[in-house]
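The sequence lines fix the lettering, A, B, ..., with proteins before strands; numbering per chain opens at 1.
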Number of protein chains: 2
Amino acid sequence: MKIARRIDLMTHENLDYIERLRAGGYRVTPQRLIVLDAICEIPGHASLSQIFARVAHLDPSIDRSTIYRALDVLCAVGLATETTIDPQGKTYSIAGARHHHLSCGSCGQILTIPDEELADFQRRMLQKHGFRIQSEHLAFKGLCRECLDPTKG
Amino acid sequence: MKIARRIDLMTHENLDYIERLRAGGYRVTPQRLIVLDAICEIPGHASLSQIFARVAHLDPSIDRSTIYRALDVLCAVGLATETTIDPQGKTYSIAGARHHHLSCGSCGQILTIPDEELADFQRRMLQKHGFRIQSEHLAFKGLCRECLDPTKG
DNA sequence: ATTACTGCAAAGGATTTGCATGTGA
DNA sequence: TCACATGCAAATCCTTTGCAGTAAT
C-alpha cells in the first residue's frame with residue numbers, strides 16, 4: 001500500500017479503523033480506506049452513487065463492485081452501517097452516530113432526532129421482550145407540524 | 001368484469017374496497033381485486049414474489065407489471081401499504097393493521113409488537129416536535145433474548 | 001363509445017458474481 | 001510467497017415503461 005492520496009490527511013474520530021479491519025481478518029487496502037473516508041465526509045446517509053462520486057474524486061479507477069465489497073467489509077467490522085429505507089437503494093453511513101429521522105410524507109421535510117429520544121422505548125423492549133434494539137438509523141414517516149396545521153399551506 | 005374465480009368468496013374486513021377504488025377515480029378490475037385478495041391472505045409483509053405466486057394461483061395470466069401497477073393503485077387509495085425495510089425489495093400489506101417488528105440480526109427471528117407499545121414514543125414526538133408518526137410497519141433490528149444470552153447458542 | 005387497464009416485451013437501475021491479475025501480510 | 005482483494009465484464013434481480021389490444025364505465 002503505497003498511495004499518497006488525500007487519504008493521508010484523514011482524521012477519523014475512530015482512529016482504530018485499521019485495527020478493526022485486521023481484527024476481522026481483513027486486509028487494509030487503499031480502496032477500503034477511501035470508501036471509509038467517503039462515507040465519513042458525506043453528511044447523513046450516503047447512497048452508492050454519492051459514495052462512488054466521492055471515491056472517484058480520490059481515485060477514478062476504483063470500481064463500483066469494489067465499493068460494494070468494501071462497504072460489506074466495513075459494515076462487517078462495525079465501522080459502517082447499512083440502511084434500507086430508501087426505495088432507490090441502500091444507504092450507508094459511519095457507525096456510531098446513532099440518530100433517527102422523522103420524515104414528512106407531505107412536504108418532504110426531514111427532522112433528525114437523537115437516539116436518547118428513543119431510549120425509553122428501547123428500554124421497554126429490552127424489559128418486555130428481551131430484545132436489544134441496535135438500529136443505527138430509523139426513519140419514521142408521518143406529518144410535520146406545518147402540514148398537520150390546517151391554517152397553513 | 002365477468003370472472004367467477006375464488007375472488008367471489010373473498011371476505012375482506014374492509015368491504016368498501018370497491019367504493020374506495022371508484023372514489024379514487026380508478027376502475028374496479030379483477031386483477032386489482034385478486035392482488036388485494038393476495039395481500040389479505042399473506043400474513044405480515046408480502047414480497048412481490050409471494051404476491052405473484054398467490055395471484056398466479058388464481059389467474060396465471062396476470063403479469064408482474066400488472067401487479068406492480070395494482071399495488072400502486074391500492075396504496076394510492078389507502079387499501080394497502082408499501083414498506084421499504086427489506087434489502088431484497090419492497091413489501092406490501094393490508095392497511096390498517098398497525099404493528100411493528102423486532103428483527104434479530106443473529107438468528108433471523110422476527111417478533112411482532114402491537115402499535116400500542118410505541119404509543120408513548122409517538123405521543124412524545126407529537127408533543128416535542130409536532131410530528132405525527134404514521135408509519136404502518138416499522139422494523140427494528142437488534143438481538144433477541146436467546147442471542148443476547150451467552151449461555152445459549 | 002370512450003378511456004383506462006392489461007399483457008407482453010424490452011429497458012433501466014441497483015447489486016452480485018466469475019475470473020485473471022495485482023497486492024498486502 | 002500466497003491467500004485475499006481488485007478491476008473488468010457479464011449476469012441477476014427488482015422495478016418501470018412503451019405500446020397495441022382489451023375491457024370497465
Side-chain angles (χ1 to χ4, degrees), chain A residues 1-5 7 17-36 38 45-53 55-56 58-77 80 82-92, chain B residues 1-5 7 17-36 38 45-53 55-56 58-77 80 82-92:
Chain A
M1 179 177 144
K2 48 173 163 40
I3 52 161
R5 304 189 181 102
I7 192 74
Y17 52 92
I18 290 186
E19 297 152 33
R20 289 266 198 128
L21 284 169
R22 295 230 168 97
Y26 300 101
R27 293 182 179 172
V28 179
T29 68
Q31 289 88 345
R32 286 172 180 166
L33 298 185
I34 289 176
V35 169
L36 179 60
H45 303 233
S47 68
L48 191 103
S49 314
Q50 294 175 303
I51 298 172
F52 180 72
V55 164
L58 295 180
D59 183 342
S61 71
I62 297 180
D63 192 72
R64 276 190 160 77
S65 65
T66 300
I67 298 180
Y68 277 111
R69 289 187 273 222
L71 288 167
D72 284 346
V73 168
L74 294 174
C75 289
V77 299
E82 180 183 299
T83 315
T84 309
I85 48 174
D86 186 341
Q88 301 297 294
K90 299 175 191 166
T91 55
Y92 304 85
Chain B
M1 179 178 144
K2 48 174 163 39
I3 53 160
R5 305 190 180 99
I7 192 72
Y17 53 92
I18 290 186
E19 297 150 36
R20 288 266 199 129
L21 284 169
R22 295 230 168 97
Y26 299 102
R27 291 182 180 174
V28 178
T29 68
Q31 290 88 346
R32 286 172 180 167
L33 297 185
I34 289 176
V35 169
L36 179 60
H45 302 235
S47 68
L48 192 103
S49 314
Q50 294 176 303
I51 297 172
F52 180 73
V55 163
L58 295 180
D59 184 341
S61 70
I62 297 180
D63 192 72
R64 275 191 162 78
S65 64
T66 300
I67 298 181
Y68 277 110
R69 289 187 274 223
L71 288 167
D72 284 345
V73 168
L74 293 173
C75 289
V77 299
E82 181 183 299
T83 316
T84 308
I85 48 174
D86 185 340
Q88 302 297 294
K90 297 177 191 165
T91 55
Y92 304 85

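Across all strands, B/R69 comes closer than 4.0 Å to base atoms (heavy-atom distances).
Minimum interatomic distance between B/I51 and B/A46 (heavy atoms only, all atoms of both residues): CG1-CB, 3.7 Å. The minimum heavy-atom distance between B/G24 and B/V77, with the atom names listed, is CA-CG1, 4.4 Å.
The CD1 atom of B/I67 sits 13 Å away from the C1' atom of D/dC14 (whole-angstrom rounding). Atom-to-atom, CZ of B/R32 to C1' of C/dT6 comes out at 10 Å; the value is rounded to the nearest Å. Rounding to whole angstrom units, CD of residue B/Q88 and P of D/dT12 are separated by 16 Å. Rounded to whole angstrom, the span from the CD atom of B/E82 across to the P atom of D/dT16 amounts to 8 Å. Atom P of nucleotide D/dC14 and atom CG of A/D86 are separated by 18 Å, given to the nearest angstrom. Distance NZ (B/K90) to C1' (C/dG13): 12 Å, rounded to an integer number of Å. Protein atom OH of B/Y68 is 18 Å distant from nucleotide atom P of C/dA11, rounded to whole Å. As a whole-Å value, the separation of A/F52 CZ from C/dT15 P is 13 Å.
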Checklist entry - Hey, mind stepping through B/L48 and B/K90 against side-chain contact (heavy atoms from CB on, under 4.5 Å) and telling me if it holds? => result CA-CA 7 Å; B/L48 192 103; B/K90 297 177 191 165; over 6 Å; no

Next on the checklist: A/L33 vs A/Y17, test: side-chain contact (heavy atoms from CB on, under 4.5 Å). Steps then yes/no.
Outcome noted: CA-CA 9 Å; A/L33 298 185; A/Y17 52 92; 3.5 Å; yes

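In terms of position on DNA chain D, the residue among A/Q31 and B/D63 whose nearest nucleotide sits closer to the 5' end is A/Q31. Between B/L48 and B/Y26, the one whose closest nucleotide on DNA chain D sits nearer the 5' end is B/L48.
A distance-only check finds a donor-acceptor pair linking the side chain of A/R32 to the backbone of A/R27 [under 3.5 Å].
The base of D/dT15 has none of its N or O atoms less than 3.5 Å from a complementary donor or acceptor on the side chain of B/R64. For a distance-only test at 3.5 Å, the side chain of B/R27 fails to qualify as a donor-acceptor partner of the base of C/dC5. A donor and an acceptor atom never sit less than 3.5 Å apart when one is taken from the side chain of B/T66 and the other from the base of C/dC5.
Put simply, CD1 on A/I34 and CG on A/D59 are 5.0 Å apart, with the number rounded to the nearest 0.5 Å.
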Going by atom type alone, with no hydrogens or angles, which donor-acceptor pairs under 3.5 Å involve a side-chain atom of residues 62-71 of chain B and a protein atom two or more places apart or on another chain?
from	atom 1	to	atom 2	distance (Å)
B/D63	OD2	B/S65	N	2.9
B/D63	OD2	B/S65	OG	2.7
B/S65	OG	B/R69	NH2	3.3

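Remark: B/T29 is in phosphate contact with C/dT6, judged by side-chain N or O atoms under 4.0 Å from OP1 or OP2. The phosphate of C/dA25 (OP1 or OP2) has a side-chain N or O of A/R22 nearer than 4.0 angstrom.
Over its length, the helix from C/dA1-D/dT25 to C/dA25-D/dT1 turns its helix axis by 40°, as judged from the five terminal pairs at each end, rounded to 10°.
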